[in-house]
Amino acid sequence: MTSIQRLLYFLTLHRTGLAVCMVSLGALLFPVLDDNPYTLGLSHLVAINTLVVLGLNLFIGYAGQISLGHATFFGLGAYGSAIISTTWAVSPWLSLILVALCVALLALVIGIPVLRLSGHYLAMATLGLNFVVYTILIQWDEVTGGPSGFAGIPALSCADFVFDTPVRQHYLLWAFALGAMLLMLNLVRSGVGRGLAAVAGDEIAASSLGVNTQAAKVKIFVLSAVLASLAGSLFAHSFGYISPDTFGIFASTDFVIMVVVGGMGSIWGAAFGAAFLTLLPEWMDIFDTYKDLVHGGILVLVLMFLPQGLVTGLMDMLKIRWALRRHNASA
Amino acid sequence: MLQLNNISKNFAGLPALCQVSFQVPQGQLTALIGPNGAGKSTLINCITGVAPCSSGRISFDQTDITALPAHAITRLGIQRTFQNLRLFPRLSVLDNVLTGLTCEGGSSLFMAMLRLPYLRHRERRLKLRALEALDRYGLTAKAHWPAGVLAYGDKKRVELARATVGNPRLLVLDEPVAGLNAEETCVVAEHLRQLRRNGQTIVLVEHDMDLVMNAADQVVVLDSGQCIASGTPESVQRNPMVLEAYLGRMEATA
Ligand SMILES: Nc1ncnc2c1ncn2[C@@H]1O[C@H](COP(=O)(O)OP(=O)(O)OP(=O)(O)O)[C@@H](O)[C@H]1O
Ligand SMILES: [Mg+2]
């Protein structure tokens, strides 16, 4: 082997680890290059959305199901953490964990009966849940603050180190986002991950290969709900203020659109989709005014031309091209 | 090894299988033949738990598997292929074969996310085994292709590799050479004989009579959901009921 071949081999062998290192480096250096609070606020949102989309992407791409209620879990995480830490004066970290456990339980209670049915009943169940929770957030104003929102949520802290400046929060949020990304990358590259990919591809084949398809779907649903709840809690503790509008049905569909833009079952795509849709309004004002219209249009276009989503669809096309080229070269 | 007692299966009241009973002895190749629509695939679906039977009892090594779900039956050591391919077209050929090792890949989501060193080693071992299987079936050059772009014959062999890679105790094959040309059929037949020599217990559904009569130790004949004959290839070939089931059909269609 020449040294170039050896280098290429090393790069392909460790491509995932290297890519994670690059992204981490980017996140690490970002505040050094640009510490404008507004830009950092955007990067916070990207990190938080990435966290939600990672889980939802796994659920849509690997369990082959759609949830139209991830904003609910996101909102429950945010409000739960806010209420427990402010009203009951529990430490923010503890409230984050408590509420994540409760959300896991809720997802389990919904997931077990609904995911037993084949078909997209879960989409409807989660849609209903989203309406219910949204209405509660608005109506029950003595606890949730009602439409005007909930303010004065304490920031997270480690001993005396309080995550109260945008730069510190940037590191906190990206540590969570990248940590989750690493865990998900590990998951999809394992035997369990292949089993999940099999479930999304063909349930009958998957179960004949030894995958407990129902349990797998429920597990991924719970995992994605916990990630959303975690993201919600981090959102509440970083921004200090939350209002119900962040957690409505359109937020849920936005998460789904982020998954679709990124590509189903692609971990890198999840981050890309989250970043793309979060930053889109910043680039063009028109997207701000007609946000829902544009998002809907993107959804329709992507699904029409690349049903697997943008990043995954393009990757698939590249892989097929590459295979055919190799085939023609050898024939 | 595998024992079927009075298996019946109805589809919305219409009987597809009626009181089928036979045994699959260990280390032998049992062929299941019969005209189109006889219920062979249905019977396989009953055995592997894909479509549970309506009545009767199936036991595998003294374990009653009649009511077990498909994944539990697979974990007992039964692997199968499908008549109409069921590969995962978006996964690479290697990953497709690796899914055949699902039972050995662990099932804890949490451990998979941590990817501790022991898990990495196990992954590497599984990958080596999958590569060996690909090598056996002559697919090494295409290991990283998406399975969807393979030619039909290659897909059939990927399914065979996926079903055999985990060294199942019972291998159930639904028409492994259907749609293959003569040359490809020869290759697959040789693989089957090799498996048989290694002591693999096999249930084979097949229309190719040459293959069946050459490779099988025991032949079971189904017709319209009923088991009309069973025995050695020679005795079945001479059985008047079997001749009628096949010839009668031919006259009717001629
Ligand atoms: N899901 C189903 N619903 C209703 N009827 C079915 C179903 N699956 C199979 N059948 C019927 O059961 C009978 C047996 O079908 P099966 O597929 O088992 O035949 P086979 O012996 O495998 O035939 P072939 O040689 O063509 O594969 C057929 O008459 C078929 O129409
Ligand atoms: Mg059949």
Side-chain angles (χ1 to χ4, degrees), chain A residues 12 16-17 58 61-62 179-216 218-220 222-223 264-266 307-308 312-313 315-327 330, chain B residues 45 48-51 69-82 85-93 95-96 98-116 119-120 122-123 126 141-142 144-151 159 162-163 166 168 172:
Chain A
T12 39
T16 310
L58 212 61
Y62 281 79
M181 206 155 164
L182 200 61
L183 293 183
M184 296 304 126
L185 282 169
N186 282 346
L187 176 62
V188 299
R189 289 184 302 150
S190 71
V192 181
R194 277 191 303 274
L196 293 171
V199 173
D202 184 336
E203 271 187 51
I204 291 183
S207 60
S208 296
L209 290 163
V211 185
N212 187 343
T213 53
Q214 222 185 84
V218 173
K219 278 186 199 167
I220 290 293
V222 171
L223 177 68
M264 298 171 193
S266 159
Q308 288 298 330
T312 317
M315 288 287 282
D316 278 3
M317 259 158 67
L318 275 181
K319 278 187 207 161
I320 290 175
R321 280 274 164 77
W322 179 75
L324 291 180
R325 167 128 17 112
R326 290 260 312 249
H327 179 68
S330 67
Chain B
N45 287 340
T48 54
V50 170
H71 64 89
I73 293 177
T74 305
R75 285 190 184 267
L76 290 175
I78 301 183
Q79 285 281 3
R80 66 169 292 181
T81 63
F82 294 89
L85 295 163
R86 282 185 184 272
L87 291 176
F88 308 112
R90 295 188 47 237
L91 300 190
S92 71
V93 171
D95 280 340
N96 266 282
L98 276 166
T99 56
L101 293 165
T102 299
C103 298
E104 291 163 59
S107 62
S108 161
L109 212 61
F110 191 65
M111 281 310 182
M113 288 199 281
L114 293 184
R115 199 174 167 86
L116 298 177
L119 211 135
R120 265 177 235 216
R122 186 167 69 195
E123 275 296 298
L126 295 183
K142 295 169 184 167
H144 295 289
W145 289 29
V149 303
L150 292 181
E159 264 219 344
R162 181 175 76 181
V172 183

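Protein chains get the first letters and strands the later ones, always in sequence-line order, with residue 1 at the start of each. Quick caveat, the model's predicted, so the values are computed rather than measured. Side-chain atoms are counted along with the backbone in the values below, which use heavy atoms only and exclude waters and symmetry mates.
Within the 4.5 angstrom heavy-atom criterion, only side-chain atoms of B:L119, from C-beta onward, approach chain A. No part of A:L185 comes within reach of chain B, as not one of its non-hydrogen atoms sits under 4.5 angstrom from that chain. Contacts between B:T99 and chain A at a heavy-atom distance below 4.5 Å involve backbone atoms as well as side-chain atoms. With a threshold of 4.5 angstrom between heavy atoms, B:S108 approaches chain A through N, CA, C or O but not through any side-chain atom. Both the backbone and the side chain of A:D202 come within less than 4.5 Å of a heavy atom of chain B. Residue B:A141 touches chain A through its backbone alone, counting heavy-atom pairs closer than 4.5 Å. Contact of B:L98 with chain A is made through backbone and side chain together, with heavy-atom distances under 4.5 Å.
Contact count versus chain A (heavy atoms, under 4.5 Å) is highest, among B:G106, B:P146, B:G100, for B:P146. Of the listed residues B:R80, B:E104, B:R115, the one with more heavy-atom pairs under 4.5 angstrom with chain A than any other is B:R115. Chain A forms the most heavy-atom pairs under 4.5 Å with one residue out of B:R90, B:R75, B:Q79, and that residue is B:R90. Considering only heavy-atom pairs separated by less than 4.5 Å from chain B, the leading option among A:G201, A:G191, A:G210 is A:G210. The choice from A:N212, A:L187, A:V192 that makes the most heavy-atom pairs within less than 4.5 Å of chain B is A:N212. In terms of heavy-atom pairs under 4.5 Å with chain A, the best-connected choice from B:T102, B:T48, B:V50, B:I78 is B:T102.
Both tests do not hold together for A:K319 against A:W322: distance to the six-membered ring centre under 6.0 Å, angle to the ring axis within 45°.
A:N186 contributes atom CG, which lies 9.0 Å from atom OG1 of A:T16 (distance to the nearest 0.5 angstrom). Annotation: the span from B:R120 atom CZ to B:R122 atom CZ amounts to 13.0 Å, rounded to 0.5 Å. The distance from the CZ atom of B:F82 to the CD1 atom of A:I204 is 7.0 Å, given to the nearest 0.5 Å.
The backbone N or O of A:S207 sits nowhere less than 3.5 Å from a side-chain atom of A:T213 that would complete a donor-acceptor pair. The closest donor-acceptor contact from the side chain of B:T74 to the backbone of A:S208 lies under 3.5 Å.
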Q | Check against side-chain hydrogen bond (donor to acceptor under 3.5 Å, both in side chains), B:N96 and A:R194 | A | CA-CA 9 Å; B:N96 266 282; A:R194 277 191 303 274; over 6 Å; no
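In summary, B:E159 and B:R162 engage in a salt bridge, as defined by a charged side-chain N under 4.0 Å from a carboxylate O.
In this structure the side chain of B:F88 never reaches within 4.5 angstrom of the side chain of B:D95, judged on heavy atoms.
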